[in-house]
Amino acid sequence: MDLYSLVVESFTIHDTRSAHEDTLYVNISTFVDHDLVDTWTSQKLGDYNNGTYFTTAAVRNHPPVVINDPQATTQFIFQLANNGHVADSVFSSRATSTADQLSGLTAGWIGASTGFFVGVAIEGIVDLYAWLSTDCDGPVGVDQVAGPRYRLDQEADNVAHELRVTKNYRGGDMPSPCGNSNYDITWYLRRNRTWLPVEDVNYKMTSLAGVAAAEHNGMLHCFGVGTAGANATHAVTLKGASWTVDTIGDLVLATNLPLSAVSFDDRLHLFGVDAERNLSALLYTEDGGSWYDETGSPPALKTAQAVATVGFDGRLFVIARDQATQHLVVTSSSDLRIWQPWADVAAGGLVPQSAVAAAALDGTLHLFGIYDTRKEGLHVVVHTSTKDGLTWTTWELVESGLKPVDKPTAEPLDVAATVHDDRVYVAARWQWTDSGQTKTAMGLNFSGDGQNWSGWRTPWAYDTEFQPSAPTAIAAVHNHLYILGQRVDPAGDATQVLAY
């Protein structure tokens, strides 16, 4: 996730707006594509005379805002004001309303290619503060940083990951006994790329096994295995900035196998394996809120692996490994009532304990798995495809068997796949040994045709290397690609789900 914080760090007062001391408040607001997405108003900062001061930790560490779209037009606005008469709650709402007016006034100044920074002169916006004009009240420092998100990223592409500004702000002429305010203010826009917990104000999403994810009706849904396999955990988001977390009860699930979710025929379907290793279609939803029992399931099959599901050519396909024969098999249905008999997919050499992943693009169904070369235990990611659901191509190496360049001894553990922006994306969980310690990392690759690949890359974060502890999921919604999984964290909750 991409997190952004506009922070007012310090200020030097050369001349106060009041006769003696200014009573300072600060408001920080964020707009994305001209819509207010976040606002933060501190309580009273304090009373200040001339001198240099740093803001409190609460001001400097206010919650960041998630902005995942690099093309989005963004505006970060701060208002530092002298306020001795407007109540805290009233100041908060009116400052937010003023930020909205400022956003509208300056929106036309933002050029996608001509600039990123827009200054605001206090004397030019004094009319917006008619609500803050008793005695010597009024703004002492107002400014914004704005532009397409990718331009702000470029400006913050440095060791500190921030765009830092120190600037002088002068107020207009004020009648006696008020003064003409004169402030130097240091503020910065900080960017942080990291993995974030999937949670809301009430619940954290957890899973006893790996996770599944799917897009449905413009929303991203994530699923895990709940307590003792008696329910499924579920989280949903529109833009990744906030989640709603709940549980789906009355299920009997294998606690070590991820679920599988697929959007098909205007419904979101959930498949899973129960404690007796029976594969079944569990539930479906039309709106993402109310869940109903499926009227039919694929032909009876026992499996010790998670299954792959994908919509292709007007049918829903399920790919699984038959526990009795160890064969990789496929079935499909156009209505989830009548299913084709299980048919073999030639898969000699695939690692039995690693499930396959599927994605469909431009009339082709792509299937990915982990292959054992039997050369010193060397495993590689492989790929096959079909255009009719019956005839499959020969399994071939993804990226010619290459690995993430910074992990030359890594081996893939499992795979996930999705389609995004006319490309097939595959994610692999890689494992290697470093100084006697076993480590894991994510690797991403994509292709427009399933043959020419872009190269493995590891999603990076500023704070720490993310080590997934269970099979991960990838899914695309709008113009965002999400990765979801748990992390290796011996000191914490290893079942908590995070998103990137």
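Nothing fancy with the numbering, it's 1 onward along the sequence. As the structure is a prediction and not an experimental result, all values here were calculated from the model.
Atom CG of D250 is surrounded by 12 or fewer heavy atoms from other residues, nucleotides or ligands within 6.0 Å. Surrounding NZ of K302 are more than 12 heavy atoms belonging to other residues, nucleotides or ligands, all under 6.0 Å away. Atom CG of D266 has 12 or fewer heavy atoms from other residues, nucleotides or ligands within 6.0 Å.
For the atom pair CD of Q326 and CZ of R321, the computed distance is 6.0 Å after rounding to the nearest 0.5 Å. For the atom pair Y482 OH and H420 NE2, the distance stands at 10.0 Å (nearest 0.5 Å). Taking CD1 of I67 as the reference point, atom OG1 of T74 lies at 5.5 Å (rounded to 0.5 Å). Annotation: the span from I483 atom CD1 to M1 atom CE amounts to 10.0 Å, rounded to 0.5 Å. Between S103 atom OG and L36 atom CG the span is 8.5 Å, to the nearest 0.5 Å. To the nearest 0.5 Å, atoms CH2 (W395) and CG (L367) are separated by 4.0 Å.
Between the side chains of D335 and S333, a donor-acceptor pair is found at a separation under 3.5 Å. Between D246 and H234, the side chains place a donor N or O and an acceptor N or O closer than 3.5 Å (distance only, hydrogens not considered). When only modelled atom types and interatomic distance are considered, D362 and T364 share no side-chain donor-acceptor pair under 3.5 Å.
Proximity of W40 to P63: side-chain heavy atoms (C-beta onward) are separated by under 4.5 Å at one or more points. Here the side chains of V65 and V32 are not in contact, with every heavy-atom distance at 4.5 Å or above. Residues V307 and L301 have side chains not in contact (no heavy-atom distance under 4.5 Å, counting atoms from C-beta outward). Contact annotation: the side chain of F446 approaches that of R457 to within less than 4.5 Å [non-hydrogen atoms, C-beta and beyond]. Between Y292 and R267, the closest side-chain pair of non-hydrogen atoms is not below 4.5 Å. Side-chain contact check for W392 versus D344: every heavy-atom pair is 4.5 Å or farther apart. Here the side chains of T39 and N27 are in contact, with some heavy-atom distance below 4.5 Å. Here the side chains of L163 and F76 are not in contact, with every heavy-atom distance at 4.5 Å or above.
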Discussion item. As a quick check of understanding, evaluate side-chain contact (heavy atoms from CB on, under 4.5 Å) for H478 and L238, giving each step before the final call.
Written reply: CA-CA 9 Å; H478 306 300; L238 176 63; 3.6 Å; yes

Discussion item. Between T393 and T384, does the side chain to side chain donor-acceptor pair (under 3.5 Å) criterion hold? Intermediate values first, please.
Written reply: CA-CA 5 Å; T393 62; T384 184; 3.2 Å; yes

Discussion item. Run W195 and M442 through side-chain contact (heavy atoms from CB on, under 4.5 Å) and show every step you take.
Written reply: CA-CA 12 Å; W195 291 76; M442 281 300 306; 4.3 Å; yes

Practice prompt. Evaluate the side-chain contact (heavy atoms from CB on, under 4.5 Å) criterion for residues L316 and W339: first the C-alpha distance (whole Å), next the side-chain angles of each, then the deciding distance (0.1 Å), finally the verdict.
Written response: CA-CA 9 Å; L316 193 152; W339 291 84; 4.1 Å; yes

Worksheet entry | side chain to side chain donor-acceptor pair (under 3.5 Å) assessment of N231 paired with T233 | CA-CA 7 Å; N231 55 45; T233 54; over 6 Å; no

Item to complete: Would you check, one step at a time, whether the test side-chain contact (heavy atoms from CB on, under 4.5 Å) holds for N445 with S454?
Response: CA-CA 6 Å; N445 214 326; S454 68; 3.2 Å; yes

Practice prompt. Could you give me the CA-CA distance, side-chain angles and deciding distance for D69 and R149, then say whether salt bridge (charged side-chain N to carboxylate O under 4.0 Å, His left out) is met?
Written response: CA-CA 7 Å; D69 185 359; R149 202 211 76 178; over 6 Å; no

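Heavy-atom minimum distance, V245 versus D200: N-OD2, 2.9 Å. The two residues H366 and S385 make their nearest non-hydrogen contact at ND1-CB, 4.1 Å. The nearest pair of heavy atoms linking P299 to T331 is CD-OG1, 3.9 Å. Here the closest heavy-atom approach between residue A320 and residue L279 is recorded as CB-CD2, 4.3 Å. Heavy-atom minimum distance, W291 versus L268: CZ3-O, 4.0 Å. In plain terms, the two heavy atoms of K403 and H379 that are nearest each other are NZ-O, 3.9 Å.
Checked against the 6.0 Å centroid criterion, the rings of F78 and W187 qualify as a close aromatic pair.
Taking the six-membered ring where the residue is Trp, H221 and F223 present parallel rings, their angle staying beneath 30° rather than reaching 60°. Ring-plane geometry between F368 and W453 is classed as perpendicular, the angle between the planes exceeding 60 degrees on a 0 to 90 degree scale with a lower cut at 30. Between F264 and H269, the ring-plane angle classifies as tilted under the 30° and 60° cut-offs. Between W456 and W430, the two ring planes are perpendicular [angle over 60°; tilted spans 30° to 60°].
Between the side chain of T237 and the backbone N or O of S242 there is at least one donor-acceptor pair closer than 3.5 Å. Within the 3.5 Å criterion, the main-chain N or O of H383 finds no donor-acceptor partner in the side chain of E396. Between the side chain of D449 and the backbone N or O of Q451, at least one donor-acceptor pair lies under 3.5 Å. Side chain of Q323 to backbone of N278: no donor-acceptor contact under 3.5 angstrom is found. At distances below 3.5 Å, at least one donor-acceptor pair connects side-chain atoms of T373 with backbone N or O atoms of L378. Proximity of a side-chain donor or acceptor of H216 to a complementary backbone N or O of E286 within less than 3.5 Å is detected. A side-chain donor-acceptor contact under 3.5 Å links S207 to the backbone of V225. Between the side chain of N158 and the main chain of E162, a donor-acceptor pair closer than 3.5 Å is present. Formation of a donor-acceptor pair under 3.5 Å by the T440 side chain with backbone atoms of Q431 is not found in this model. In this structure, T255 contributes its side chain and A228 its backbone to no donor-acceptor pair below 3.5 Å.
Residues passing the side-chain contact (heavy atoms from CB on, under 4.5 Å) test with D33, sequence neighbours excluded: A72, T73.
Each of D157, D153, D2 was checked for a salt bridge (charged side-chain N to carboxylate O under 4.0 Å, His left out) with R193, and the lone residue meeting it is D2.
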